[in-house]
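No experiment lies behind these values; they were computed from the predicted model shown. Naming: A, B, ... by sequence-line order, numbering from 1 per chain.
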2 protein chains.
Amino acid sequence: MPPDPERPVSGRSTARRQRAARPSSGTYTVRDIAAMAGVSSVTVSRYFNEPQRVSEAARARIARVVEQTSYVPNQAARFLATNQGGVVGAVMQNVTSATFADMVRGMSDMAERNGLQLLLANSNFSRDSEGRALRTFAGWHPRALVLTRSDHSPETDALLSRLRVPIVEAWEFHAGRPFHQVGFCQLTVGRMLARHFIGQGAARIRFVLNGAVEDGRATRRSEGYAQAMVEAGLAPDVWRAGAADDVGAAREAIAAIAALAPAERPRAAIFANDSMAITAILSAPALGIGVPAGLAIAGFGDTPLSAVTTPALTTVRPDAYAIGSRALAIVVAALQGGTPGGGPQAVEVPCALVERESSRLC
Amino acid sequence: MPPDPERPVSGRSTARRQRAARPSSGTYTVRDIAAMAGVSSVTVSRYFNEPQRVSEAARARIARVVEQTSYVPNQAARFLATNQGGVVGAVMQNVTSATFADMVRGMSDMAERNGLQLLLANSNFSRDSEGRALRTFAGWHPRALVLTRSDHSPETDALLSRLRVPIVEAWEFHAGRPFHQVGFCQLTVGRMLARHFIGQGAARIRFVLNGAVEDGRATRRSEGYAQAMVEAGLAPDVWRAGAADDVGAAREAIAAIAALAPAERPRAAIFANDSMAITAILSAPALGIGVPAGLAIAGFGDTPLSAVTTPALTTVRPDAYAIGSRALAIVVAALQGGTPGGGPQAVEVPCALVERESSRLC
DNA sequence: TTGTATGCGTTATCAT
DNA sequence: ATGATAACGCATACAA
């Protein structure tokens, strides 16, 4: 039974107390455990942190008391005394998506294995929110931070530089950043998709972007595609729709292809994302284009829907769990050894090509 | 720029120091800020906690220094001093599912609004894991705990009773538990589905369970269904498959219905969950049963797939965001006012009936 | 309104 | 192997 909160068991010698007692936590403290086990509080502390330095006998007695009381050392006090808190803060852009949830699981699995406590915040894709979350985290003096974007607000950048802890930007891989990077590379994704079609013998392969010019990610995938085409001696064909929304853009793209003479049509189309690709699959038949016989199609992202269309969609899936887990692995390494080489680490986590029917050329 | 960690700026008057200095955090402390602003540390403390008690002039000077230094009070020290930490621990069964992710968002939104920090752990549906997470949380002296199951291990129950903090069991609603309850009620779900068909004029309505007898949740939904049937003067028809897996059980159920003379067949079937219902939709046509013309179908859970089958599946969706947000609302209320009535609160969060084509009778 | 002294629960340091 | 003591950064009671 916990000590009576009204009359705290803990507290130093009550002699010479001139002030009113402060509210005690109502739970056991090292001193309580020490008293019950007939040792001093230091010995109890050692029992948890350097057990080998405590005698067998004392260890047994303390173990019994700890068992009886469900005593757990107060982490706040521990942190204050050691300056070695076990907290890692992570700011996710969207906790709700299944993909990011996988990443969270990757992080928390690795965190748990290394005795770290993960502090999570959701930024809802907003930079302001990210900044607020970081300010909150700062109060906990995290030993490291994991962020899922790399374009921060100026205030956030200032705070980050002040914190002096390892910082990992995880999800997309960017070169030349001052922080550790873990994630997939958009260029590689584009190349992977292009080669998938090139390897099947296609020559006319189109990359379809929507009209949202500011989406640099999709544009970088198209650049990877273009590189692979050039390497294979083929002509890149990046086609940008006028419509900024995925559905409108995809319909536009299919209509444009249908308008070409059959001999002029691309044999395959890589869409900037799954929702465009799925729209294309659904709307192509009505315009007389069979998928994949008339036009092979691939997307990006592996949304749940992509597995159930007819034909099912070939797409690329970032390995969210691996990204989360590697991000925390970097944190652990940084905390243990410091950065050996000096600069920030860069880990590219490969995406999986999910091959389904929509991209089958033969 | 933060103080040089080699020669800590903070630290009390260095006079009469007999011991070596302890490693300081390398960041600013109240005393640093106080010195820079030309006030005492108490004033800085008050600036954060009771600003109205600090003079305009001092407030302005402190504000400027705080701005320059990006100073954030150390939460661990604050907690130690006040015994009023702002941490709430939540143990989720499965962070990866989109539904639970919604619940996390509900909790973290409400937590942020009330200055609470959410500590998350994933139990992967394991009671052991739940216990470990709770032991970790205990070290942080959370002000409240949110759990997503109510059948804990004995050790966990012992720990929970020791912690003496508000505990909320969120997700499913159970009566008679010693802790606060937030969630949906399985009985209500069963009733809602039965009434959906009764209201359309159906008389022969079957509830289909799989062979996994230990799944009490589905069984309770069937009990709600039975209640509604009896209330409407109809005969309950709970049918249990032999197969324990969803796909096998659903196929069995459809075959059993197909084997009946058309006049004997149920007009509608409520399946214990979406994956059974979807399997039924996919396999019924092959046995000559049209959906919904020959057999109307409904499920439970609103998995992503349920929106894309043909016909799309009518189902029931727990409001995960609301459950998360209400759970934290209870926490906030408990922290502010204590429990007014005395006993634990019970909040039933209604589910949404997602009406799609599969259940249309006319 | 502002400052001084003290304690929160733990660990680091020094002494035995 | 064990213990006494100070210190971590902050907030509170009390004094001015």
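At a threshold of 4.0 Å, the pair A/E56-A/R59 counts as salt-bridged, since one of the basic side-chain nitrogens sits closer than that to a carboxylate oxygen.
As rounded to whole Å, 19 Å separates atom P of C/dG9 from atom CG of A/N83. Here C/dG9 presents its P atom at 12 Å from CG of A/L80, a figure rounded to the nearest Å. Atom CG in B/N74 sits about 5 Å away from atom P in D/dC10, given to the nearest Å. Note: CZ (A/R78) to C1' (D/dC8) measures 14 Å, nearest angstrom. B/F79 has its CZ atom 13 Å from the P atom of D/dT12, to the nearest Å. Atoms OH (A/Y28) and P (C/dT10) sit 14 Å apart, rounded to a whole Å. Rounding to whole angstrom units, CD of residue B/Q75 and C1' of D/dA11 are separated by 13 Å.
For the pair B/A77 and B/V39, nearest-nucleotide mapping onto DNA chain C gives the more 5' position to B/V39.
Counting heavy atoms from C-beta on, the side chains of A/P142 and A/L145 come closer than 4.5 Å. Residues A/M36 and A/Q68 are not in side-chain contact: their nearest non-hydrogen atoms beyond the backbone lie 4.5 Å or more apart. At least one side-chain heavy atom of B/T148 sits less than 4.5 Å from a side-chain heavy atom of B/M103.
Nearest to the side chain of A/S40, among D/dA4, C/dT10, C/dG7, sits D/dA4. For A/V42, taking side-chain heavy atoms from C-beta onward, the closest of the listed nucleotides C/dT10, C/dA12, D/dT2 is C/dA12. Minimum atom distance to the side chain of A/A81 is reached by C/dT11, of the listed D/dG3, C/dT2, C/dT11.
Around the CD atom of B/E67, the shell of radius 6.0 Å holds no more than 12 heavy atoms that belong to other residues, nucleotides or ligands.
Within residues 45-53 of chain B, the residues that have a heavy atom under 4.0 Å from DNA chain D are, in order of number, B/S45, B/N49. For DNA chain C, the neighbouring residues in residues 55-65 of chain B, judged by any heavy atom under 4.0 Å, are B/S55, B/A58.
For C/dA12, neither phosphate oxygen OP1 nor OP2 lies less than 4.0 angstrom from any side-chain nitrogen or oxygen of A/T82. Close to D/dC10, at under 4.0 Å from its OP1 or OP2, lies a side-chain N or O of B/Y71.
Side-chain contact annotation: A/E169 with A/H180, donor-acceptor N/O pair under 3.5 Å absent. A donor-acceptor contact under 3.5 angstrom links the side chains of A/R78 and A/N49, judged on distance only. A donor and an acceptor atom, one from each side chain of A/R162 and B/S70, are located under 3.5 Å apart. Using a 3.5 Å distance cut-off with no hydrogens or angles, the side chains of A/D109 and A/Y321 do pair a donor with an acceptor. Defined by atom type and a distance below 3.5 Å, a donor-acceptor pair is present between the side-chain atoms of A/T156 and A/S153.
Axis angle, first five pairs versus last five pairs of the helix from C/dT1-D/dA16 to C/dT16-D/dA1: 30°, rounded to 10°.
When ring centroids are compared, A/Y71 and A/F48 come within the 6.0 Å threshold.
Distance alone, capped at 3.5 Å, is enough to place a donor-acceptor pair between the B/S108 side chain and the B/V104 backbone.
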